[in-house]
K.L.:
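Let me give you the structure first, and then I'll get to my questions.
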Amino acid sequence: MKNKKGQKNRKYIFVIGGVISGVGKGITVSSIGKIMQGKGFNVTALKIDPYVNVDAGTMNPTEHGEVFVLRDGRETDQDMGNYERFLNTTLPGINYMTTGLVYKTVIENERNLKYKGKCVQVVPHIPLEIIRRIERASETADADITVVEIGGTVGEYESILFLEAARMMKIENPKNIAFVMVSYLPNPAKVGEMKTKPTQHATRLLNSAGIQPDVIIARSETSLDKKRKEKIAIFCNVDPEGIISAPDVDSVYDIPINFEKDRLSDILLKKLNLKPKNKDLDLKDWKKFVGKINSAKDEVKIAIVGKYFRTGDFVLTDAYISVIEAIKYSAYHLGKKPVIDWLTADEFENKSKTKELKKYDGIIVPGGFGERGIEGKLNVIQYVRENKIPYFGLCYGMQLLVIEYARNVLGLKDANTAEINPEAKDVVINIMDSQKENLEKGNYGGSMRLGAYPTVLKKGTIARKAYGEDNIEERHRHRYEVNNDYVDMLEKEGLIFSGKSPKGDLMEIAELPIEKHPFFLGTQFHPEFQARPMNPHPLFTEFIKSAVKLRSKK
Ligand code: GLN
């Protein structure tokens, strides 16, 4: 933990939730990172999830939102995607941890006699492993500043050991650590006043874990007034300048700029005893991007047909956040305003409903698992293929494109994926050889084909034109693949496999030639994980371009 001689003096900002969850800790971390980059620092960000799952890969998306896949294959929380997008960086697996992962490491170390016969205890050995991971992440990135998000809300049983690790780091190096609490100020309709008491309670809870916040981000519907700022400052023992107003916004991309209105970067730098490397905040590119969001007027209407939208009476879009953001970046880049609808796949089991898709300029079927909604998605794909509506299939959306083509163009009526019916007459999507054993042994966690793999593109195709190069690398998360026994047959009937693995044995992209359809393309990988605000993904951009073209003809 100590800064040994000659070792870089690395700084850490811990972001902790107070009052309630879901008020934007991840975006706060991303935005703090962004403004620190704007001050000239090398920044990295870490997410800590306090649950026992070893990673996010085994959780249902309606439970926990999207599973974001890192380049090295680690399956993580969607906040890692926010960090990568805001910071315009690629993060390694060491930047993500859960209680399960930390305990697993400590127990493995104990079994391997790494503690040399000592009694291994929850404290200090668990916090020490947490600290080791945080410091390793910082070193790996050679970061000046590391922003660490502790998931959940202060006072929860499961986050206490992470707070303890943060406290221990502060004791060791008081000048290198700052604490930010993201709080929430309710404004009950009947009371008619923004209330600060929950924030005071949350601060006391944090104090009881030995931590005093340096900054309180006050999330609320509206801006904080002077009176409430002063009240929080006095009762929570924080400098008034450290109370940052964070009202609801239309676009999360405004938040770094809003934080700077309260001079957050200078306040944090002062706490960390750092002098800015750029005197003036340099967020030129970021502001240009935000300008594009605000100036986009002409609409382009896209539907995402999925199955992870509903939870009880609520509709959540968290499960597809990377897809949604990727659509936005390409649309803004083209000067268009994206209007996105979420459609539940099951509804299209009734074929006559597909006519309603006419009002969209483009349709996406994103990644997915299992049987529910499949026949609905296949009806959607048939409709958009026959009616020349731009279609973009992501992972499962590509596999279903192939099944639809096999059924309705090749006439293989029973065509299916082994995931749903391994006994089907024509299993056009089959289990990957490398995956058979995993399923037989019930080895589900972290065992899919995960992370970045290369793809070679075929000349003269939509994909090759979009990327502008022959060799690309994209992130994956799947167990099934196109069955090679059917490739010739599919190609003879007009489907092109425009992207393949370097050995040519794995179909990575399927498309119809542009003369047959303006954009009918699916990828076995997840392009959405590499879309960035200032670097939109070429395939999404090509898809939106063809959607805009269709709209202009309407
Ligand atoms: N269920 C499919 C597979 O495992 C697709 C996965 C996905 O869409 N991410 O191959």
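When a residue number appears, it is its place in the shown sequence, counting from 1. Start at 1 and go down the list; that is how both ligands and their atoms are numbered. Because the structure is predicted, anything quoted here is derived from the model rather than measured.
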K.L.:
Could you find the nearest protein heavy atom to atom 4 (O) of ligand 1 and give me its residue, atom name and distance?
P.N.:
Arg479 N, 3.0 Å

K.L.:
Taking distance alone, with no angle check, do Phe369 and ligand 1 share an N/O pair under 3.5 Å?
P.N.:
no

K.L.:
For His526, which part has a heavy atom under 4.0 Å from ligand 1: side chain, backbone, both, or neither?
P.N.:
side chain

K.L.:
Atom CG of residue position Asp250 - does it have more than 12 heavy atoms of other residues, nucleotides or ligands inside 6.0 Å?
P.N.:
no

K.L.:
Between Lys388 (side chain) and Lys516 (backbone), is there a donor-acceptor pair under 3.5 Å?
P.N.:
yes

K.L.:
For ligand 1, which is the ligand I care about here, please tell me if Gln399 has any N or O atom under 3.5 Å from one of the ligand's N or O atoms.
P.N.:
yes

K.L.:
Closer than 4.0 Å to some heavy atom of Gly367 - which atoms of ligand 1 meet that?
P.N.:
8 (O)

K.L.:
Does some non-hydrogen atom of Met432 fall short of 4.0 Å from ligand 1?
P.N.:
no

K.L.:
Got the closest protein heavy atom to atom 5 (C) of ligand 1, with its distance?
P.N.:
Gly368 O, 3.4 Å

K.L.:
Verify whether the ring centers belonging to Phe86 and Trp286 lie closer than 6.0 Å.
P.N.:
yes

K.L.:
Which pair of heavy atoms, one from Arg532 and one from Thr89, lies closest together, and at what distance?
P.N.:
NH2-O, 3.0 Å

K.L.:
Identify the closest protein heavy atom to atom 9 (N) of ligand 1: which residue and atom is it, and at what distance?
P.N.:
Arg477 O, 2.9 Å

K.L.:
Report the residue from Phe392, Phe520, Tyr329 that forms a ring pair (Phe, Tyr, Trp, His ring centres under 6.0 Å) with Phe543.
P.N.:
Phe392

K.L.:
Please check whether Glu419 reaches ligand 1 - meaning an N/O of the residue sits under 3.5 Å from an N/O of the ligand, judged on distance alone.
P.N.:
yes

K.L.:
Taking the six-membered ring of Tyr383, is NZ or CZ of Arg385 closer than 6.0 Å to its centre and within 45° of its axis?
P.N.:
no

K.L.:
Might you confirm whether atom NZ of Lys554 has over 12 heavy atoms from other residues, nucleotides or ligands at distances under 6.0 Å?
P.N.:
yes

K.L.:
I want to confirm something. Looking only at heavy atoms, which of Gly397, Cys395, Ala418 is nearest to atom 7 (C) of ligand 1?
P.N.:
Cys395

